[in-house]
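For reference, the structure is listed below as structure tokens.
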Amino acid sequence: MVGHDWSVTIRQRLPALLLLAGAVALVTTVPVVFVDHGVAKELPWVSGIAVFFAAAVLVWRRRPDHPAAWWFAVAGALVVIVQMLDGLLLRISASAEPAVLAWAVLGYQLTSTVGMVALAHLFGLFPDGRVRHAYERRVLTGLWWLLALPPLVLLGRPTLLLPSYHQLADVPNPYHLTGLAPLGAVAGVGVELLPAVFVLGAFLLVPRYRRADAADRQRIRWLLPPIMFAAVVVAIDLIAWRRFPDGSPSLVAEVGLTALWILAIASLPIAIAIALLRPTLLDVDQVIRKSLVYGVLWSLIALTYVAAAAGLGMLAGRRFPLGLAIALTVAATLLFQPARRRLERAADRWVFGRRADPTRLITDLGATLAETLELERLLPRMADTLQEGLGLRWARVRLDPSAPLDAEEPALTVPIVLDGERLGVVECGPREGGALSEGGALSADDEAVVTTFARQAALAVRNVRLTAELERSRARLVRAQDVERRRIERDLHDGVQQDLVGLIGQAARVRSHLDDESAGSALADLQDGLHHVLADLRELAHGIHPSLLSDRGLLAAVEALAARSAVPVSVWADPQLRDRRLPEAVEGAGYFTVAEALANAGKHAAANRIDVSLARSGEGLRITVCDDGAGFDPATAVGEGLANLSERLAALGGRLEVASHPGDGTTVTARLRAADG
Amino acid sequence: MGERLRVAIAEDHYLVREGTRRALEDSGVVEVIAAVGTAIELEQVVARQHPDVVVTDIRMPPGHHTEGIDAAHRIRAAHPRVGVVVLSQYAESTYALELLGGGTAGFAYLLKERVGDPRQLVHAVTEVAAGGSVVDPDVVAALVSGTARGRSTLQALTDRERDVLERMAQGRTNAAIAAQLHLSESSIEKYATSIFAKLGFRDEPETHRRVAAVLTFLGDAGRARPL
């Protein structure tokens with residue numbers, strides 16, 4: 001093929017070639033290693049490496065275009081090849097010529113360096129394998145200079161640098177140059193510290209994580225459980241070997257430990273594979289699995305906690321008397337408790353926590369909507385939910401987008417539209433930890449989330465508006481009712497009642513001018529009748545709307561009610577209420593509450609005494625009417641009067657509570673906002 | 001027959017105003033010197049013509065609230081010798097107390113239907129002209145339905161004394177009360193003395209003591225205690 005770019009071809013073919021070599025190495029080395037060192041000792045490493053290799057192959061086959069998969073494949077293949085070289089080295093170390101051995105060691109060290117640098121790339125550029133910051137490229141490219149170390153070791157050290165864990169006898173280095181001895185010594189330390197390169201890669205991941213978007217964060221977090229698990233296994237291993245100072249643990253312990261190590265070593269490549277291939281394996285829509293993860297984490301934390309506390313207790317038991325040991329154990333239990341709680345919270349946050357998944361965001365939004373029915377409070381809280389959910393520097397929900405703002409230009413603006421009406425906008429700032437120009441931009445996923453959010457916001461805004469409108473119209477109705485009651489009372493008072501009084505006067509005068517006795521007594525009856533009609537009319541007008549309530553306010557009207565009550569009533573009131581007038585609707589609702597409760601207590605409850613109290617509570621008014629009557633079961637029998645009152649109070653933003661029990665009297669409590677609803 | 005009492009009437013309803021005028025004039029002891037429709041006009045009349053007594057409605061234009069009571073207090077402040085009879089559609093004792101609370105002398109609180117009972121109306125006018133006071137018995141009756149028991153200020157009274165006070169408050173004479181309770185008039189007098197002593201009105205003239213006792217009765221009804 002003409003103009004074929006060989007570097008690209010090599011780049012494309014390299015992982016496949018290396019993986020093939022790795023497969024060969026794996027097949028040839030495993031039996032040798034098992035024979036040389038014993039299955040039990042090598043099984044964890046071998047299986048770990050095998051799983052690493054298998055994961056690398058899997059990922060490479062599924063996502064050959066993925067840059068991280070490239071590094072994973074290279075690292076996976078090299079890990080196996082290095083292992084093969086290591087085995088080979090051990091085999092020939094006793095018999096081979098020093099010169100041959102020296103070249104073998106150089107090859108082993110170079111391969112191992114390349115493998116480590118590949119691992120550093122895999123972790124340092126996790127999860128997408130792309131360089132995001134200039135320093136990442138500088139650090140990772142700089143790592144290739146480490147390839148200079150093995151030749152320096154070869155030239156500078158008097159003895160060959162064989163892997164220290166094999167505890168082999170020193171072999172003289174035939175290529176050793178005396179002048180380079182100091183350099184050789186330093187390079188030797190460097191080669192021995194090569195695994196630290198892997199740690200360096202992990203460190204690169206920390207700032208990367210902080211600037212990553214939610215999806216990448218989720219991928220990166222996949223690495224955390226295997227690392228935590230490995231740490232736990234290391235700790236268990238250390239403790240276990242300490243328990244057997246002669247180095248001979250029981251068979252059970254050894255098998256158990258080996259199993260743990262296999263799990264620990266194998267879990268990291270598995271996690272990498274999941275992170276690259278199916279990062280949403282445990283996503284929100286699989287809450288059960290998520291809970292499982294949390295459960296496992298929780299168990300681990302709890303186990304560690306128990307182990308730590310019990311370990312301390314056991315240690316104390318050996319050195320101190322029993323009582324003191326128990327005390328120490330209890331103290332340790334208490335002391336570790338905060339640490340445990342913090343870990344649990346961290347685990348919870350990690351599993352369920354602050355992630356930009358739309359479901360969670362909408363769930364949070366739902367909670368916000370359920371709690372708030374006022375736009376002034378709802379909008380900022382919606383913005384907070386969005387900001388927290390997407391990890392934005394800021395977010396804003398505005399219903400008046402035309403208003404000018406001295407603020408940063410939003411990274412994303414989504415209109416809130418309902419039935420073609422533009423209600424407002426949702427504005428998002430850049431992601432935390434990045435300006436808009438570099439990395440702070442919002443992804444298409446984010447945009448989809450914000451659009452969904454805006455749709456919910458539109459419904460929420462309409463909901464709030466409708467609710468507010470309903471409340472306003474209910475309050476309007478109650479007020480209109482009050483106005484109407486007052487008008488009827490005034491018409492009665494100034495019209496019919498006055499007319500009747502006039503007629504009573506006329507009847508009296510006619511009677512005084514009459515000499516006819518029978519006509520006089522008929523007129524007297526007429527007068528009496530008119531008196532009764534007037535008295536009834538007066539009662540009627542009073543019942544519709546007592547003039548005292550508009551003239552002198554709630555307390556005076558309640559006192560008049562109490563004075564007229566057939567059952568003795570004691571009124572208790574905040575003295576300030578005497579001079580302070582409340583909104584008419586509030587006074588009306590309060591008055592009719594007391595009137596209804598007094599009437600009920602007198603008519604149905606056969607009460608002997610009633611206490612009425614009017615107290616100010618905060619910004620509002622609390623009215624209680626408490627009788628010692630028969631009581632009833634409020635679950636089955638709240639009268640129509642009280643039900644109407646309850647609605648009337650609710651319309652004004654208040655509420656009515658009826659507490660009663662057969663044989664225990666009744667307490668009616670009305671809470672009202674003193675400000676006009 | 002001596003000099004007739006000069007009375008000014010304030011009432012916004014024509015029929016009632018004229019009815020009141022007739023009822024008073026027909027008695028022969030009263031000369032109605034003015035009949036007006038608002039409290040403001042009434043005050044002007046009082047300032048110009050110095051009546052002996054004013055008879056006024058409570059609720060009148062322009063505000064239709066308690067203009068009559070407010071005017072009564074202003075008239076009394078400016079002209080201490082003018083008696084005031086307030087005619088009211090309200091049986092609530094609160095309004096009566098507002099009228100009489102600051103001092104009973106020369107004030108009467110009557111329900112409007114007394115227009116049809118000229119004797120009571122004229123009695124009230126002559127009483128306030130002489131510095132006495134009257135409270136409509138029906139206003140008291142509205143409060144008297146056994147509820148006096150358990151009231152704080154009246155706790156010191158015996159049941160019998162409360163019975164007597166209730167009837168006193170309804171404007172009944174000692175003789176009438178004696179007849180109602182089947183007791184002698186002298187024992188009613190003893191009860192009355194005991195009541196006045198317990199309520200602290202020992203050293204006042206008889207008529208004032210009776211009205212003061214009535215006021216105590218009215219004022220105690222339903223009155224809220226501080227929380």
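By convention in this document, chain letters (A, B, ...) are assigned in the order of the sequence lines, proteins followed by strands, and residues within each chain are numbered from 1.
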Exercise for the section: Identify the two heavy atoms, one from B:L15 and one from A:D499, that lie closest to each other, and give their separation to 0.1 Å. Expected result: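 Result for this residue pair: CD1-O, 4.4 Å.
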Handout entry: Contact summary for A:A560 and B:T94, nearest pair of heavy atoms
Key =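 Heavy-atom minimum between the residues: CB-OG1, 4.1 Å.
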Practice task
Using a cut-off of 6.0 Å, state whether more than 12 heavy atoms not belonging to A:R578 lie near its atom CZ.
Solution key: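 Yes, because the 6.0 Å sphere around CZ of A:R578 holds more than 12 heavy atoms from other groups.
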Problem - Atom CZ of B:R119: over 12 foreign heavy atoms under 6.0 Å - result: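 Incorrect, the count does not exceed 12.
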Under a 4.5 Å cutoff for heavy-atom pairs, which residue among [options] has the most contacts with chain B?
| options | result |
| --- | --- |
| A:L534, A:L500, A:L577, A:V569 | A:L534 |
| A:Q506, A:H531, A:H493 | A:H493 |
| A:A615, A:S547, A:S512 | A:S547 |

Problem - Side-chain donor or acceptor of B:Y95 paired with backbone N/O of A:L548 under 3.5 Å - result: yes
Handout entry: Donor-acceptor contact present, side-chain A:Q527 to main-chain B:G116, <3.5 Å
Key = yes
Rounded distance (nearest 0.5 Å) linking atom [atom1] of [X] with atom [atom2] of [Y]:
| X | Y | atom1 | atom2 | answer |
| --- | --- | --- | --- | --- |
| A:L561 | B:E92 | CG | CD | 9.0 Å |
| A:R490 | B:R59 | CZ | CZ | 7.5 Å |
| A:Q498 | B:R17 | CD | CZ | 10.5 Å |
| B:D117 | A:I504 | CG | CD1 | 10.5 Å |

Handout entry: Ion pair A:R538/B:E113, N-O distance below 4.0 Å
Key = yes
Practice task
Identify the residue among B:Q89, B:H64, B:H13 that makes a side chain to side chain contact (heavy atoms under 4.5 Å, CB included) with A:D494.
Solution key: B:H64
Handout entry: Engaged part of A:L555 at the chain B interface, taking heavy atoms whose separation is under 4.5 Å
Key =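 Only the side chain of A:L555 comes within 4.5 Å of chain B.
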Exercise for the section: Against chain B, label A:L614 side chain, backbone, both or neither, depending on which of its atoms sit under 4.5 Å from a heavy atom there. Expected result: backbone
Practice task
Among the options B:D57, B:L121, B:L87, B:L111, pick out the one with the most heavy-atom pairs lying under 4.5 Å from chain A.
Solution key: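 The candidate making the most pairs under 4.5 Å is B:L111.
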Practice task
Using a 4.5 Å cut-off on heavy atoms from C-beta on, say whether the side chain of A:Q497 contacts that of B:K112.
Solution key: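 They are not in side-chain contact.
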